[in-house]
Amino acid sequence: MGETVDYEGGIRELKRSMNAVILAHYYQESEVQDVADFVGDSLALAQAAARTEADVIVFCGVHFMAETAKILNPSRQVLLPDLKAGCSLSDRCPPAAFKAFKDKHPDAFVVSYVNSSAAVKAMSDVICTSSNAVRIVNQIPKDRPILFAPDQHLGRHVMKQTGRDMVLWPGSCIVHEIFSEKKLVGLKVEHPDAEVVAHPECEQQVLRHADFIGSTKAILDYVVKSPKKKFIVVTEAGILHQMKKAAPDKTYIPAPPDNGCACNECPYMRLNTLEKLYRCMKDRTPELVLPADLQHAALAPLRRMLEWSA
């Protein structure tokens, strides 16, 4: 028989001995969320990383989130349980291709979604998240054309909300682009008393069926405060854990993707597990390391985001 390891207890002990903080995204598996010091969406996690006093940041999310934490904390050690935890949006916007795209619009004010690589952030004027994208775009001078990357669906949603025309990089998220409109309509018929809450990374034909569109945090806040008792949730199913904790008396139905699955999970987010979290803290690896010049170049647009979001 193999030895049974108390991963939760071990993680808490390592956290104390290392003076570490564990940051976790809403899309992490529930066991990882429950041992984290802070659980949030991309904006809240960036803000938490910016204000931490810990010596070590352990980031339970995907690669670009750990990069963001490192850019904001160049002198601190940043650990990521699995370096393969990438992001389809970031991967679909290679820095060299983005530079060529940007060069075609030399006068544009460049807004990059936080779901992008450090190299793309370094070529940007300001970063945004789905929580603050409308607020960020509203602060750009009216006489400046805007280039928005890499999520075209979020970009179109922001254009609708702000009335600003933007040049959109043609990217999308593999999790949010495969929600099935047909299956969503079927769920609405089956549950006429349910409200549909959706993330703006979803395609337009899905968003038109939503009663509420917002970031992961905004969706969570909405369902907790709403007088309604049943919700069809059109985003990554990891958020249901926090919904059930915050409002256990309500019913949450995960919208299915356009394949055989019952709910839609990000394969990258789910690479992080409790065991990997424990081992990465115990061994202090894998560590997220970035070249100093890249960190410096990407810091200004991230700082601008935090200032404009204050």
Exercise answer: donor-acceptor pairs, residues 56-64 side-chain atoms, under 3.5 Å, sequence neighbours excluded:
none

Heavy-atom distance under 4.5 Å between the side chains of L14 and Y278, does that happen here?
yes

Where do V134 and Q161 come nearest, in terms of heavy atoms and distance?
CG2-CB, 3.7 Å

Please give me the minimum heavy-atom distance between L207 and C202, naming the atom from each residue.
CD1-O, 3.5 Å

I would like to know whether N138 and T162 meet side chain to side chain donor-acceptor pair (under 3.5 Å); could you show each step before the answer?
CA-CA 6 Å; N138 275 332; T162 62; 4.9 Å; no

Indicate the atoms forming the closest heavy-atom contact of V78 with A66, along with that distance.
CG1-O, 3.8 Å

Under a 4.0 Å threshold between the charged nitrogen and the carboxylate oxygen, would D249 count as salt-bridged to K229?
yes

Is there a side chain to side chain donor-acceptor pair (under 3.5 Å) between N272 and Q28? Walk through the geometry before answering.
CA-CA 7 Å; N272 296 318; Q28 293 291 286; 3.2 Å; yes

Is the Y222 ring parallel, tilted or perpendicular to the F212 ring (thresholds 30°, 60°)?
parallel

Is there side-chain contact between L299 and L72, with at least one heavy-atom pair below 4.5 Å?
yes

Not counting sequence neighbours, which residues clear side-chain contact (heavy atoms from CB on, under 4.5 Å) with A300? List them please.
none

Where is the tightest heavy-atom contact between I213 and H199, given as atom of each residue plus distance?
CG2-C, 4.4 Å

Does any non-hydrogen side-chain atom of K160 lie less than 4.5 Å from one of Q204?
yes

Tell me, yes or no, whether the heavy-atom count around R164 atom CZ, taken from other residues, nucleotides or ligands under 6.0 Å, exceeds 12.
yes

pair I22-I11: side-chain heavy atoms closer than 4.5 Å:
yes

Verify the neighbour count for atom NE2 of H296: are there more than 12 heavy atoms of other residues, nucleotides or ligands below 6.0 Å?
no

Are the side chain of S116 and the backbone N or O of S112 linked by a donor-acceptor pair below 3.5 Å?
no

Answer with yes or no whether the hydrophobic clustering places V137 together with M305; edges join I, L, V, M, F, W, Y residues whose side-chain heavy atoms lie under 4.5 Å apart.
yes

Kindly say whether V126 contributes a backbone atom to a donor-acceptor pair with the side chain of S124 at under 3.5 angstrom?
no

Counting N and O atoms only, with roles assigned by atom type, does the side chain of N132 sit under 3.5 Å from a partner on the main chain of C128, one being a donor and the other an acceptor?
no

Using side-chain heavy atoms (C-beta onward) and a distance below 4.5 Å, is V223 in contact with K250?
no

Whether the side chain of Q33 engages the backbone of H241 through a donor-acceptor N/O pair (distance < 3.5 Å, no angle test) should be reported.
no

Is it true that K225 and D221 make a salt bridge, defined as a side-chain N closer than 4.0 Å to a carboxylate O?
no

Evaluate R16 against E13 for salt bridge (Lys or Arg N to Asp or Glu O under 4.0 Å), listing each step before the verdict.
CA-CA 5 Å; R16 282 191 292 273; E13 181 52 45; 2.9 Å; yes

Closest heavy-atom pair, H176 versus T235, reported as atoms and distance to 0.1 Å, is NE2-OG1, 2.8 Å

For residues V114 and M166: do they belong to one hydrophobic cluster (side chain heavy atoms under 4.5 Å, members Ile, Leu, Val, Met, Phe, Trp, Tyr)?
yes

Compare all side-chain heavy atoms of K99 with those of M123 and state whether any distance is below 4.5 angstrom.
yes

Who pairs with K102 by side-chain hydrogen bond (donor to acceptor under 3.5 Å, both in side chains), at least two apart in sequence or on another chain?
none

Which atom pairs, one a donor and one an acceptor, fall under 3.5 Å between side chains of residues 140-147 and the rest of the protein, sequence neighbours left out?
| residue | atom | partner | partner atom | Å |
| --- | --- | --- | --- | --- |
| R144 | NE | D107 | O | 3.2 |
| R144 | NH2 | D107 | O | 3.3 |

For the side chain of W169 and the backbone of R92, is there at least one donor-acceptor N/O pair under 3.5 Å apart?
yes

I need the minimum non-hydrogen distance between P74 and Q295, along with the two atoms involved.
CB-NE2, 3.1 Å

Which pairs pass salt bridge (charged side-chain N to carboxylate O under 4.0 Å, His left out) with one or both residues in residues 198-213, sequence neighbours excluded?
E181-R208

Side chains of R76 and D55: does their closest heavy-atom pair fall under 4.5 Å?
no

Say whether, by atom type as modelled, one donor and one acceptor occur between the side chain of N19 and the main chain of A54 under 3.5 angstrom.
no

Pairwise distance CZ(F38) to CG(L23) - rounded to 0.5 angstrom
8.0 Å

Same cluster or not: are F179 and L187 linked, directly or through other Ile, Leu, Val, Met, Phe, Trp or Tyr residues, by side-chain heavy atoms under 4.5 angstrom apart?
yes

Under a 3.5 Å cutoff, is there a donor and acceptor pairing between the side chains of S215 and S130?
no

Whether the side chain of D6 engages the backbone of G9 through a donor-acceptor N/O pair (distance < 3.5 Å, no angle test) should be reported.
yes

Would you say the side-chain atoms of K121 pair up with the backbone N or O of Y113, donor to acceptor, closer than 3.5 Å?
no

Just checking K245: does its NZ atom have more than 12 heavy atoms from other residues, nucleotides or ligands closer to it than 6.0 angstrom?
yes

S90 side-chain N/O to C87 backbone N/O, donor-acceptor pair under 3.5 Å:
no

Do F231 and T251 touch side chain to side chain, with heavy atoms closer than 4.5 Å?
no

Note: E265-R270 ion pair, threshold 4.0 Å (strictly below)
yes

Do NZ/NE/NH1/NH2 and the carboxylate oxygens of K15 and E8 come within less than 4.0 Å?
no

D151 side-chain N/O to L89 backbone N/O, donor-acceptor pair under 3.5 Å
no

Just jot down the ring pair (Phe, Tyr, Trp, His ring centres under 6.0 Å) partners of H25, sequence neighbours excluded, or say none.
Y27

So that I can tick it off, tell me whether E67 and K70 are bridged by a salt bridge, with the cut-off set at under 4.0 angstrom between side-chain N and carboxylate O.
no

